[in-house]
Protein chains: 2
Amino acid sequence: MAPKVTIKTVAAQAGVSEATVSRALNDSPQVKPATRRRIRQLAQDLGYHPNGLARSIRTQRTNTLGVIIPDILNNFFTKISRAIEDTAAQAGYNVLLVNTDEHLDREADAIDLMLEKQAAGIIIASAGDATDYATRLGTTPAVFVDRMPPAQLVPHFDRILVDNIRGTQELVSEMLAQGAQRIGILNSAVSTTATERLTGYHQALKRAGIAFDPAIEVAARSDNSNVAQMTRQLLVNQQCDGLLAADNTIANGVLRKLPDLHLHGVHLGSFDDQDWFDFLPQPIVTAKQPIAAIGQTAVERLIARINEPTLAPEEFRLTAQIITHRLTADQVQTD
Amino acid sequence: MAPKVTIKTVAAQAGVSEATVSRALNDSPQVKPATRRRIRQLAQDLGYHPNGLARSIRTQRTNTLGVIIPDILNNFFTKISRAIEDTAAQAGYNVLLVNTDEHLDREADAIDLMLEKQAAGIIIASAGDATDYATRLGTTPAVFVDRMPPAQLVPHFDRILVDNIRGTQELVSEMLAQGAQRIGILNSAVSTTATERLTGYHQALKRAGIAFDPAIEVAARSDNSNVAQMTRQLLVNQQCDGLLAADNTIANGVLRKLPDLHLHGVHLGSFDDQDWFDFLPQPIVTAKQPIAAIGQTAVERLIARINEPTLAPEEFRLTAQIITHRLTADQVQTD
DNA sequence: CTGAAAGCGCTAACAC
DNA sequence: GTGTTAGCGCTTTCAG
């Protein structure tokens, strides 16, 4: 193990005090340009790297942002993570990432971890509404994205969300416009999200003068283990000619089950888009979330709050865009 | 801002010394169970969280692993990140993640960042071979995954890779078995990976008694900006009836271009699999990498090296699995 | 412009 | 069993 080179090493070698080295390296204006250059060169030569932990403990601030999400494999969270990292990096922050798989205890542990690491702020896609975030987070700035625990649990926090009601309403309306007559909804397991998306679904039906049928409003389990069965339930037993999957993981499950059912002309809808939907043999209508904008807004808002902790909490609602993916017939090779 | 509660606060409230609090919280066996319980309860009540930075600076170790990848949006890196986080978490480590977009300077910055954060170890999917990793990393343990800079640049480091030669050889052989006669390769921009995959391609052709044709061995730019054009080049101009995309991002580009060309019965191959390939209207053969195993091996090896820095560097080669995705005709809805 | 000294929060010897 | 003390590497007054 090479002897570690600290600021003391550099100071000794340069024949100056540690304070001067520190100043030189931090571009303090009050150090002679000549010494500054000399010290920097020396530090480079010695392979000196400042110890960020020591600095942070001294300055009482880190440039670490904690990001807590259910699962990076979920395309939505992949994209938001990238947007978060990009925006954070641009502002000089780094990202500590934790997946919770929707487990509340892992989320709680993750929050504790972020506090121990002295994260400057935390972005949370919450796994549920059982946690008392205000207590758990203490004074650490935090913003919630995508999921929103009931407002009374997160009174002090910003929330960056898509407009679920409007997005779903427009999505269902588009499915109806494309000829669907009886659209079942396979809803999300996330409570507030599900409530909002169901509301949008109802709004669209009401506008079209279609009566609700509770029998075709079902919910996925949070592990999606019932999606295949529910897909059959809606499309076969309940004779739906349209099916709205309330998030991308549910949509995946539906797409995977669909071939087994040997149906044709089913109107598919998905809240949230995926790039490869372009390649699907059957058409699908999606509400494409502005994921990058959500991530970016979350970071910007979080940093604003880090710099000004007394900012009044706000809820941001971004708008989804309705898209129809449809392959033209001659693009299909059945081989 | 609430006054921050440190170990000193707890000690004062409990009427004991900081040392005792520290011992109680760290489950030191030499503290009376009664006081231990009392202190823990008090710490909880006060909302005390140990400052991990202070601890790390004192103990000279962190439980942070740095992960440097080109782009988490690339499905391969999404999956490996998850595997890394899972394995790391299980061993008590956390993950600091940085995307480089294949930029060498950003990779270098990322390494510096990891050193400043005192990462216990680093996992790198290298953006290139221009960096002198040995110098840059100093004594920080590191393992390379997926990409391998030329061996002389990474003599002291472990490498966890897929068996590119064998995987490609088997992949191409399968395409030939399925009837392809003239398979073009749209190769990776990553140098060592490309070399190996080309070797495998050649091996398969040679075994089948097919002569090489340099005209149908082309490479993608690292931003894939020429993939559409090269797809046309191979399938139209060069009359290939098969096309091997050497990684998943290239495969995406090929799939996106394909419909424009109005071809039928093209034999598609992709090094690396994607879950949604199951939904494609045309068949595709893939070499599915054991991504989770790569990530897990990388972390295990890294941790082993953290604990035993003198471990001899090793290269691990995991085997890819050949898979054919084919939709049956009646699953296709042209609508 | 530079140095001396204090201290961030914690743990690890070393006492008692 | 518990307290005292020192010090990890750094920045920041305060002197000069």
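Chain identifiers are assigned alphabetically (A, B, ...) following the order of the sequence lines, protein sequences preceding nucleic acid strands; residue numbering begins at 1 within each chain.
- Inspection of the A:Thr20 and A:Glu18 side chains reveals no N or O donor paired with an N or O acceptor under 3.5 Å.
- If you find the closest nucleotide of DNA chain D to B:Ala19 and to A:Asn26, the one lying nearer the 5' end belongs to B:Ala19.
- A salt bridge links B:Arg147 and B:Glu102; the closest N-O separation between the charged side-chain nitrogens and carboxylate oxygens is under 4.0 Å.
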From CA spacing to verdict: side chain to side chain contact (heavy atoms under 4.5 Å, CB included), B:Leu65, B:Asn94: CA-CA 6 Å; B:Leu65 298 186; B:Asn94 325 111; over 6 Å; no

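- Considering only side-chain N and O atoms, A:Thr6 lies nowhere under 4.0 angstrom from the phosphate OP1 or OP2 of D:dG9.
- Rounded to whole Å, atom C1' of D:dT5 lies 12 Å from atom CZ of B:Arg23.
- Comparing B:Gly15 and B:Ala54 by the nucleotide of DNA chain D whose heavy atom lies nearest to each, the residue mapping closer to the 5' end is B:Gly15.
- The closest donor-acceptor contact from the side chain of A:Arg305 to the backbone of A:Ala142 lies at 3.5 Å or more, if one exists at all.
- Within 4.0 Å (heavy atoms only), B:Gln30 reaches at least one base atom of the nucleic acid.
- Contact between the side-chain N/O atoms of A:Asn51 and the OP1/OP2 oxygens of D:dC8 is not found at any separation under 4.0 Å.
- Comment: B:Asp101 engages A:Arg82 in a salt bridge, judged by a side-chain N to carboxylate O separation of less than 4.0 angstrom.
- The CD-P distance, from B:Glu18 to D:dT2, rounds to 16 Å in whole Å.
- In summary, B:Asp112 and B:Lys117 do not engage in a salt bridge, as defined by a charged side-chain N under 4.0 Å from a carboxylate O.
- Comparing D:dC8, D:dC10, D:dG1 by their nearest atom to the side chain of B:Lys32 picks out D:dG1.
- Residues B:Arg136 and B:Asp132 are not paired through a salt bridge, judged by the lack of any N-O separation under 4.0 Å between the basic side chain and the carboxylate.
- Contact annotation: B:Thr20 reaches the phosphate of D:dG3 (side-chain N/O to OP1 or OP2, under 4.0 Å).
- For residues 35-43 of chain A, proximity to DNA chain D is found at no residue, defined as any non-hydrogen atom under 4.0 angstrom from a strand atom.
- D:dC8 atom C1' lies 13 Å from atom CD1 of A:Ile7, rounded to whole Å.
- Out of D:dG3, D:dC8, D:dT13, the shortest distance to the side chain of B:Val16 is found at D:dG3.
- In this structure, a donor-acceptor pair under 3.5 Å is absent between the side chains of A:Gln90 and A:Asp86.
- For the pair B:Glu314 and B:Arg301, the salt-bridge criterion is met [side-chain N within less than 4.0 Å of a carboxylate O].
- For the OP1/OP2 pair of D:dG9 and a distance below 4.0 Å, the side-chain nitrogens and oxygens of B:Gln60 include at least one atom meeting the criterion.
- Distance CZ (B:Arg55) to P (D:dG9): 18 Å, rounded to an integer number of Å.
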Worked check of side-chain hydrogen bond (donor to acceptor under 3.5 Å, both in side chains) between A:Gln13 and A:Tyr48: CA-CA 12 Å; A:Gln13 289 277 332; A:Tyr48 169 73; over 6 Å; no

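- Summarising the geometry, the separation between CG on A:Leu53 and P on D:dT11 is reported as 12 Å, rounded to the nearest angstrom.
- Rounded to whole Å, the distance from CD1 on B:Ile57 to C1' on D:dT11 is 11 Å.
- The span of DNA chain C lying next to chain B, judged by atoms under 4.0 Å from heavy atoms, is bounded 5' to 3' by C:dG9 to C:dA13.
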